[in-house]
Amino acid sequence: MVSAELAPLAKTGGLADAVAGLSAALAAKDHDVRVLIPDYTAPPSGRPGAAAIEGGASVSPAESTPVPVYLIASPAIGSGGAIYLGDERDAARFWAFSRAAVAAAAALELESDIVHCHDWHAALVPALAAARPPLDAAGTVLTLHNIGFQGAFPRSVLPDDAAAFLASLDDEATGSRDWVNFLETGIRRASAVTTVSPTYAREIATPELGMGLDAVLRARGDDFVGILNGVDYRLWSPESDPFITPRFRRGDADGKRRVKRAVMTELGLADDAPLIGAVSRLFEQKGLDLLVDALPTLLERTRARFAVLGSGNPDLEAALSRAAKTWPERIAFRRGYDEGLAHRIIAGSDFLVVPSRYEPCGLTQLYALRYGTVPIVRKTGGLADTVTHYDPASGRGTGCVFEHADVTGLIWGVTTALEWYESPADWERLCRNAEGLDFSWQRQCEPYEALYRRVIERRRQRSPSA
Ligand code: ADP
Ligand code: GLC
């Protein structure tokens, strides 16, 4: 695995959880899995014992991780701790990481069958690997966790070696003269391409949601598939969650109420009303601005309280802070990144709202389900694949699914879900439905195993001596 993020070592979002969960599940099935990630915090003098590779880079094994992890340090990546700088400097940083990862594989003699690369940060690895033993013998898989981030840069910001390498690729003619696109290069050159839910796979193959890469994806035909993410239930279930007290057994409504009370006390809210949580990066994609706009109506029409944790867009952060100041007894907002509080809000809330404009998979709704926290989600991408709208007549369904990414759609979703909450029979049924689902990585890793086998088999057929 080659990735910019890996929980718990380096995490800004679901990418970290997905790579960690998939790697652990594969390792548990006796696959020999190694994960290569950038070393964002290496001391400038290098880590003691690190093996020098090339270009001033070095590799060292991370300590006490369940799956072996190699940290790739390089002066070009920097050592300030930042995962992303969010500007053109990231081109040189992740180029250096990708190049060093392939060199590290050679130094460590990693004779892999499959190199599985994640997102644009590692999307040049398939091309780099093809040019260098031992990884030139491996099949490559590229997983798109979010097509909104492509690593598109003006050619002029690339270091010379990166510019020369990209210019040497024969598919370069298809790119633009002035721009490079790391993700596009990866999509063209990986043996197979995946994204993190079947619906998102269909969506991004269309011009409306493909963000300019739909044609390149369609050209991959059957070699582009959607495989739903999974959950590591050792970290995300009421029986074993390391961040909640007290833990409780699934289906134990009293146990859940205690966690709800604890988190509401932590956030300065009274616990005598339904609690709607949100844990999210605060960007356009996630639609939390819709929640801000819906709040006045929701506060007037319902008795719900809100617990929001997130960071990102400063305007949105400010709007949420203002809302929490205006209605302190109804809304709590914590700005920042807090793993423990994320678990407690997801575990303790009655509902988790995910009003995304688009969502490749989404993990928080999967986590919520396990705790009997009912997801209220927009019908898009992985949200549409993982939550089914509750139907009081049949008693089927696991959450509330609304159609439109606008304030009216969201208000409809929240008020509909709250009606079920007020009906004890429906509420009991809905919570049991939600927590009964199984999205474990143990299961969800099987389609990846099948894909790996297919890629390996195809390579064997092409070069029978391999
Ligand atoms: P994305 O990867 O697009 O951000 P996901 O739903 O796949 O969305 O994953 C988000 C992950 O990041 C979850 O593990 C969630 O708990 C976590 N997360 C998001 N924001 C925060 C935050 N402010 N503090 C702690 N964890 C957060
Ligand atoms: C991305 C997506 C999210 C997905 C996660 C893990 O960050 O935005 O939907 O769950 O990657 O695959």
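Each ligand, and each atom within it, is numbered from 1 in the order the structure gives. Just so you know, these numbers use all the heavy atoms, side chains as well, and skip hydrogens, waters and symmetry mates.
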Check: Arg305 side chain, Ile276 main-chain N or O, donor-acceptor pair, under 3.5 Å: no
Sidechain N-carboxylate O distance under 4.0 Å for Arg34, Asp32: yes
Test of proximity, Ala18 against ligand 2: N or O pairs below 3.5 Å: no
N/O separation below 3.5 Å, Val196 to ligand 2: no
Residue that, paired with Glu359, satisfies salt bridge (charged side-chain N to carboxylate O under 4.0 Å, His left out) out of Lys286, Lys379, Arg281: Lys286
N/O separation below 3.5 Å, Gln285 to ligand 2: yes
Ligand 1 contact on Ser280 by region, counting heavy-atom pairs under 4.0 Å: backbone
Per-atom contacts of ligand 2 with Asn146, taking only distances under 4.0 Å to non-hydrogen atoms: 8 (O)
Proximal atoms of ligand 2 relative to Leu363 (non-hydrogen, under 4.0 Å): 10 (O)
Any N or O of Asp338 closer than 3.5 Å to N or O of ligand 1: yes
Shortest reach to atom 8 (O) of ligand 1 by a heavy atom, considering only Gln285, Lys286, Glu339: Lys286
Test item: Tyr40 side-chain N/O and Ala4 main-chain N/O as donor-acceptor pair under 3.5 Å: yes
Distance from atom 10 (O) of ligand 2 to nearest protein heavy atom, with residue and atom: Gly362 N, 2.8 Å
Residue, atom name and distance, where the atom is the protein heavy atom closest to atom 3 (C) of ligand 2: Glu359 OE2, 3.3 Å
Check: Phe153 ring centroid to Trp179 ring centroid under 6.0 Å: no
Those atoms of ligand 2 less than 4.0 Å from some heavy atom in Asn229: 6 (C), 10 (O), 12 (O)
Closest protein heavy atom to atom 2 (O) of ligand 1, given as residue, atom name and distance to 0.1 Å: Gly14 N, 2.6 Å
Closest candidate by heavy atom, reference atom 26 (N) of ligand 1, pool Phe283, Tyr337, Phe149: Tyr337
Donor-acceptor pair between Ser356 and Gln285 side chains, under 3.5 angstrom: no
Heavy atom of the protein closest to atom 12 (O) of ligand 2 (residue, atom name, distance): His145 ND1, 2.6 Å
For atom 12 (O) of ligand 1, the protein heavy atom that lies nearest, with its residue and separation: Gly13 CA, 3.5 Å
Any donor-acceptor N/O pair, Ser191 side chain to Thr140 backbone, under 3.5 Å: yes
Cation over ring face, Arg370 and Tyr233, 6.0 Å, 45°: yes
Ion pair check, Glu449 and Lys29, cut-off under 4.0 Å: yes
Aromatic ring proximity, centroids under 6.0 angstrom, Tyr452 and His31: no
Any Gly310 heavy atom less than 4.0 Å from ligand 1: yes
Aromatic ring proximity His121/Tyr84, centre distance under 6.0 Å: yes
Arg218 and Asp214: CA distance, side-chain angles, deciding distance, salt bridge (charged side-chain N to carboxylate O under 4.0 Å, His left out) verdict: CA-CA 6 Å; Arg218 285 196 303 275; Asp214 48 292; 3.0 Å; yes
Electrostatic pair Arg443-Glu446, nearest N-O below 4.0 angstrom: no
Residue, atom name and distance, where the atom is the protein heavy atom closest to atom 18 (N) of ligand 1: Val279 CG1, 3.9 Å
Geometric N/O contact Ile346 with ligand 1, under 3.5 angstrom: no
Plane angle bin for Trp120 and Phe94 - parallel if under 30°, tilted between 30 and 60°, otherwise perpendicular: perpendicular
Proximity to ligand 1 by part of Lys11, non-hydrogen separation under 4.0 Å: side chain
Of Leu275, Leu299, Leu269, Leu267, the residue whose pairing with Phe306 passes side-chain contact (heavy atoms from CB on, under 4.5 Å): Leu299
Residue of the set Asp222, Asp113, Asp223 for which salt bridge (charged side-chain N to carboxylate O under 4.0 Å, His left out) holds with Arg458: Asp223
Ligand 1 atoms in contact with Gly362 (distance to a heavy atom under 4.0 Å): 6 (O), 7 (O)
Atom 4 (O) of ligand 1 [closest protein heavy-atom partner, distance rounded to 0.1 Å]: Arg281 NE, 2.7 Å
Ligand-residue contact atoms, ligand 1 with Tyr367, heavy atoms, under 4.0 Å: 14 (O)
Per-atom contacts, ligand 2 versus Pro360 - under 4.0 Å to a heavy atom: 2 (C), 8 (O), 9 (O)
Option whose closest heavy atom lies nearest to atom 14 (O) of ligand 1, chosen from Asp17, Asn229, Leu363: Asp17
For atom 23 (N) of ligand 1, the protein heavy atom that lies nearest, with its residue and separation: Gly336 O, 2.7 Å
Min heavy-atom dist Gly13 to ligand 2 below 4.0 Å: no
Identity and distance of the protein heavy atom lying nearest atom 15 (C) of ligand 1: Thr364 CG2, 3.6 Å
